[in-house]
Amino acid sequence: MARAAIQKAQAGWKVSPWMRDYGEARLSFHWELARAELGGVVNMAQAVVDRHADGGLRDKVALRFLGDAGARDLTYGGLQALTGRFANALDQLGVRPGDRVFTLLGRCPELYAAVLGALKHRCIACPLFAAFGPEPVRARLGIGGGRVLVTTPELYRRKVAPIRAQLPQLEFVLLAGEAEAGPGTFALEALLRAASPDYAVRPTDPEEPALLHFTSGTTGTPKGALHVHEALVAHHATGKLALDLHADDLYWCTADPGWVTGTSYGILAPLSHGVTSLVDEGEFDAGRWLGILSDQRVSVWYTAPTAVRMLMKAGAAMARTRSYPALRLLASVGEPLAPEAVLWGEEAFGLPFHDTWWQTETGGIMIANYLAMDIRPGSMGKPLFGVEAAVLKEEPGGRLVEAAPGEEGELALRPGWPSMFRGYWNDPDRYARSFRDGWYLSGDLAKRDADGYFWFVARKDDVIKASGHLIGPFEVESALLEHPAVAEAAVIGVPDAVAFERVKAFVALKDGYAPDEDLRAELLGFGRKRLGAAVAPKEIAFLDRLPRTRSGKLLRRLLKARELGLPEGDTSTLEA
């Protein structure tokens, strides 16, 4: 990376001078510094909303919603009243602290009111991606034991009503927008109108559960990673250290709150710093996004590699037709950002992209390319202050040791950072398997160079990274098996120029079904209906039978090797 680009980026950097040296800052940092900045407030919603509304930021814009009707502003005072009404509405319904409150909403004010209002009432907030189909919604509501769901009448009709009989714990469905109460449903607007805006947050323990985020695994059901109110300490610290947030910023995180990034860095981190956050209610459009960056005078932009690649496809010339006078930091998360994408930021915006690495389980940024150091394009960067990271390999006796510089191994973290997940919901054995010899094992393979930069290599398991989201093959396979024509299904990720990976399914049919184009189209449509466009396979290939071991284990790695023309490895256990 050209030193001139780094110096230009650092010229716009606004943090204290001591932060300009990564090594010095790492030695000086302690998590207590971040706790102190939150003023001793523990409850997440109280810290990010009430702390500002009761202080000097009551009339400052907290959230600016950009939609078809133009911009709508919600101040910190207005957000305090709205979340207070939601918390009181929960109380009046008899919802108790610890109950799980799910949201299935687009990026609308009701989503933010529900998540933060649930946190005020000390419920566990569980945001879901609105593009999920009925099956992912059913699985997550069922695993989490959702008692409350906030959604819209349309989403309820299409995605919840068909599966509600399978969710006996789902007692209250609150419908946003133009909605009337019906059997088992309540009009959210009427509940909020009848509730008081004043809500006194009860004392909250730092270890009290706050957020339940779902992530996918290679086998079995999705995993619910549980985070506590203490996690906000890490959200606040990383918002400052990795994203350089300050109260006068206009910040835009493009991630949907249905994914952990959209909660940690679309809601909590920016609000904790008292910034104004943009919320774009529409879908990606290159010209409109560039217009938002320019017209809204965005200063800090956190987005996904998929979006960067789509902008690259539109061309740097399109980006250069506008000016971005306030823009000073571009950051990315979701999957590795290729070197050419890092450098493209400089070509299009005059600034490089700063890649970051973290997971649903870590709750917040763990490794980043900071403004305090040179960017090495393609690198994940260096560990956050207060986080110890290593690349581990297993010795013949089973002991884990640190790999030498340049040697591949599993990326691992020392437990103890505030946003570390505290468990997988109702699955303590799976949680225990995530830790070994005093390390949290991420499941990502990486290398570390001689200067301490980390480099992503691959996933250790079969989880698919598509458009910044983790997709578990088992979940997709299970849905396809519900089709009457499908006898077997196996799912892998294949490289994609925009999404990093796309989902491809291999299907063996039952007797009497022909592997033709009509059936292929039918299965693709079936997958989209059951799973939603974000999770469903984009390609289907027919096979006479799927490769399995003699013990019956599906060999996805063999399918992937054959698909990509890679060595097949050991096939001695392959079923004859």
Side-chain angles (χ1 to χ4, degrees), residues 100-107 111 115 124-152 154-170 173 211-226 255-263 334 360 424-427 430 462-483 486 489-493 499 501-505 523-538 540:
R100 274 72 68 203
V101 177
F102 281 73
T103 59
L104 183 67
L105 292 164
R107 295 180 291 275
L111 186 155
V115 170
I124 301 174
C126 316
L128 297 180
F129 189 36
F132 276 155
E135 182 53 33
V137 171
R138 182 207 62 76
R140 286 154 178 79
L141 276 166
I143 294 165
R147 190 178 180 203
V148 180
L149 173 66
V150 186
T151 188
T152 66
E154 181 188 3
L155 290 172
Y156 177 75
R157 176 182 55 81
R158 291 194 293 113
K159 303 185 179 186
V160 182
I163 58 168
R164 188 160 183 185
Q166 303 172 51
L167 300 166
Q169 288 181 282
L170 183 57
V173 175
L211 298 164
L212 186 62
H213 291 296
F214 286 89
T215 185
S216 296
T218 54
T219 60
T221 56
K223 304 172 288 187
L226 183 66
D256 190 283
W259 305 102
V260 66
T261 299
T263 301
T360 301
Y424 287 124
W425 190 258
N426 290 336
D427 198 345
R430 185 181 245 174
D462 295 324
V463 170
I464 301 160
K465 281 194 169 188
S467 299
H469 309 141
L470 292 183
I471 298 171
F474 179 83
E475 188 170 16
V476 181
E477 292 159 2
S478 297
L480 290 174
L481 285 168
E482 294 178 17
H483 191 282
V486 177
V491 166
I492 64 169
E501 287 188 303
R502 66 183 181 276
V503 179
K504 180 169 184 176
L523 289 174
L524 288 169
F526 181 82
R528 284 194 298 271
K529 183 177 180 181
R530 296 291 293 150
L531 297 162
V535 182
K538 304 297 187 290
I540 288 180

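Note that the coordinates shown come from a computational prediction; the quantities given were computed from them, not determined experimentally.
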Atom [atom1] of [X] and atom [atom2] of [Y]: how far apart are they, to the nearest 0.5 Å?
| X | Y | atom1 | atom2 | answer |
| --- | --- | --- | --- | --- |
| H213 | C126 | NE2 | SG | 8.5 Å |
| L212 | R100 | CG | CZ | 8.0 Å |
| T152 | R157 | OG1 | CZ | 9.0 Å |
| L226 | L211 | CG | CG | 8.5 Å |

- K529 atom NZ, over 12 foreign heavy atoms within 6.0 Å: no
- Task: List the steps, then state whether side chain to side chain contact (heavy atoms under 4.5 Å, CB included) holds for D427 with K223.
- Result: CA-CA 8 Å; D427 198 345; K223 304 172 288 187; 5.8 Å; no
Give a yes or no answer on whether the side chain of [X] reaches the backbone of [Y] with a donor-acceptor pair at less than 3.5 Å.
| X | Y | result |
| --- | --- | --- |
| T151 | L104 | yes |
| E501 | K465 | yes |
| K538 | A533 | yes |

Looking at every non-hydrogen atom in both residues, tell me the closest pair between [X] and [Y] and how far apart they are.
| X | Y | answer |
| --- | --- | --- |
| R158 | P162 | O-CG, 3.8 Å |
| L155 | L105 | CD1-CA, 4.3 Å |
| A505 | V491 | CB-CG2, 3.9 Å |

Please enumerate all residues that pass ring-ring contact (aromatic ring centres under 6.0 Å, His included) together with [X], with sequence neighbours excluded.
| X | result |
| --- | --- |
| Y156 | none |
| Y424 | F421 |
| W259 | F129, F132, H469 |

Can you give each donor-acceptor pair under 3.5 Å made by side-chain atoms of residues 137-144, sequence neighbours left out, with the distance rounded to 0.1 Å?
unit_1 : atom_1 : unit_2 : atom_2 : d
R138   : NE     : E135   : OE1    : 3.3
R138   : NE     : E135   : OE2    : 3.3
R138   : NH2    : E135   : OE2    : 2.7
R140   : NH1    : P136   : O      : 3.2
R140   : NH1    : E475   : OE2    : 2.7
R140   : NH2    : E475   : OE1    : 3.2

- Could you go through the side chain to side chain contact (heavy atoms under 4.5 Å, CB included) check for I540 and L524 one step at a time? CA-CA 7 Å; I540 288 180; L524 288 169; 3.8 Å; yes
In the structure I gave you, are the side-chain heavy atoms of [X] and [Y] within less than 4.5 Å of one another anywhere?
| X | Y | answer |
| --- | --- | --- |
| W425 | I124 | yes |
| F526 | E482 | yes |
| R107 | D256 | yes |
| V535 | V476 | yes |
| L149 | L170 | yes |
| I471 | V503 | yes |
| V486 | L523 | yes |

- Positive for side-chain contact (heavy atoms from CB on, under 4.5 Å) with P257, one of L128, V115, T103, L111: L111
- Task: Name all residues meeting the side chain to side chain contact (heavy atoms under 4.5 Å, CB included) criterion together with A490; count only those two or more places apart in sequence or in a different chain, and write none if there are none.
- Result: E477, L546, L554, L559
- Sequence neighbours excluded, which residues qualify as side chain to side chain donor-acceptor pair (under 3.5 Å) partners of Q166? none
